[in-house]
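Beneath this line is the structure, given in structure tokens, with notes to follow.
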Amino acid sequence: MGLAELVLLAIGLSMDAFAVSICKGLGMKRINLKVAVILGLFFGGFQAGMPVIGWALGSQFMGIISPIDHWIAFILLAFIGGKMLWEAFTEDENEGDGKDAEKIDLGEYLILAIATSIDALAVGISFAALSVDIVPAVSLIGITTFLFSVAGVAIGHTFGARYEKPAAIVGGVVLVLIGLKILLEHLGILAI
């Protein structure tokens, strides 16, 4: 696998994290670099870590994970997206829920990072099969995902600061749709 292919793979793997980061940025009243960097580290770390796990385990355990990986991603993303929608529709306009996108929620970041990086596990298995040099490959994936995630928060903030409630609704719907897309692709219903 050449450098150009690895770059394209890294960009492709980072797209779900990028979309989720945009959703996080949508809910920010003011840009918070610390939140963006921590979110980027979670997403970049998991996008780099999952291929390492896949590479280390090889295909011996993929038979167990593969049949349900799409369900795991769908459930996690649908849960977070549904939570965003619930909060958008139930929160009083004049009264916050005490929690906003500018606060760091490590539990939520962990769930989102796992959900958006499950497909990278299979990539790691293919790395083992193709004898790809794992360290440079996962470094490129992690750095690319980190950069896209930080940029996604900034892009989301740009639009979300003006349209907070509609942006939260869009963000929730997007997360649910990303989960649904992953599920439908793996079930063979959607071919993208």
Side-chain angles (χ1 to χ4, degrees), residues 1-24 36-83 105-153 174-192:
M1 183 174 283
L3 180 61
E5 293 166 317
L6 281 174
V7 169
L8 291 174
L9 177 67
I11 292 170
L13 285 174
S14 69
M15 285 299 105
D16 285 347
F18 179 63
V20 172
S21 297
I22 289 173
C23 295
K24 267 318 260 181
V37 168
I38 290 174
L39 190 64
L41 288 172
F42 265 84
F43 286 155
F46 271 83
Q47 284 290 6
M50 287 293 202
V52 171
I53 293 169
W55 176 78
L57 296 176
S59 58
Q60 58 188 330
F61 291 110
M62 197 54 193
I64 297 168
I65 297 170
S66 183
I68 61 168
D69 65 351
H70 51 284
W71 285 104
I72 294 168
F74 170 70
I75 290 166
L76 293 173
L77 289 170
F79 173 76
I80 297 293
K83 183 175 166 245
D105 184 344
L106 297 179
E108 180 182 355
Y109 292 3
L110 180 64
I111 291 170
L112 290 172
I114 291 169
T116 59
S117 66
I118 288 176
D119 55 344
L121 191 66
V123 169
I125 292 171
S126 69
F127 283 172
L130 298 171
S131 300
V132 171
D133 191 0
I134 193 72
V135 173
V138 298
S139 297
L140 181 63
I141 291 168
I143 291 168
T144 302
T145 303
F146 171 80
L147 294 173
F148 271 85
S149 298
V150 171
V153 171
V174 167
L175 290 181
V176 172
L177 290 177
I178 290 171
L180 188 59
K181 175 185 155 280
I182 291 168
L183 179 65
L184 294 177
E185 282 176 351
H186 280 80
L187 293 176
I189 297 170
L190 182 66
I192 292 183

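Residue F46 holds its CZ atom at 15.0 Å from CD1 of I141, rounded to the nearest 0.5 Å. Rounded to the nearest 0.5 Å, atoms CG (L183) and CH2 (W71) are 4.5 Å apart. For the atom pair CG of L147 and OG of S21, the computed distance is 11.5 Å after rounding to the nearest 0.5 Å. Separation of atoms CG (L3) and CD (E5) is listed at 9.5 Å; rounding is to 0.5 Å. Put simply, CD1 on I114 and CG on L110 are 4.0 Å apart, with the number rounded to the nearest 0.5 Å. D16 contributes atom CG, which lies 10.0 Å from atom OG1 of T145 (distance to the nearest 0.5 angstrom).
The two atoms that bring G82 and V176 nearest to each other are N-CG2, 4.0 Å, heavy atoms only. Between L6 and A137 the shortest heavy-atom distance is CD2-CB, 4.0 Å. Closest non-hydrogen pair, V138 versus A48, comes out as O-CB, 3.4 Å. Contact record, L121 with M50: CD1-O, 3.4 Å, taken as the closest heavy-atom pair.
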Go through the steps to decide whether F43 and T116 satisfy the test side chain to side chain contact (heavy atoms under 4.5 Å, CB included), and finish with yes or no. CA-CA 8 Å; F43 286 155; T116 59; 3.8 Å; yes

Side chain to side chain contact (heavy atoms under 4.5 Å, CB included), that's the test. Do M15 and F148 meet it? Break it down for me. CA-CA 8 Å; M15 285 299 105; F148 271 85; 3.2 Å; yes

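Here the side chains of V37 and F146 are in contact, with some heavy-atom distance below 4.5 Å.
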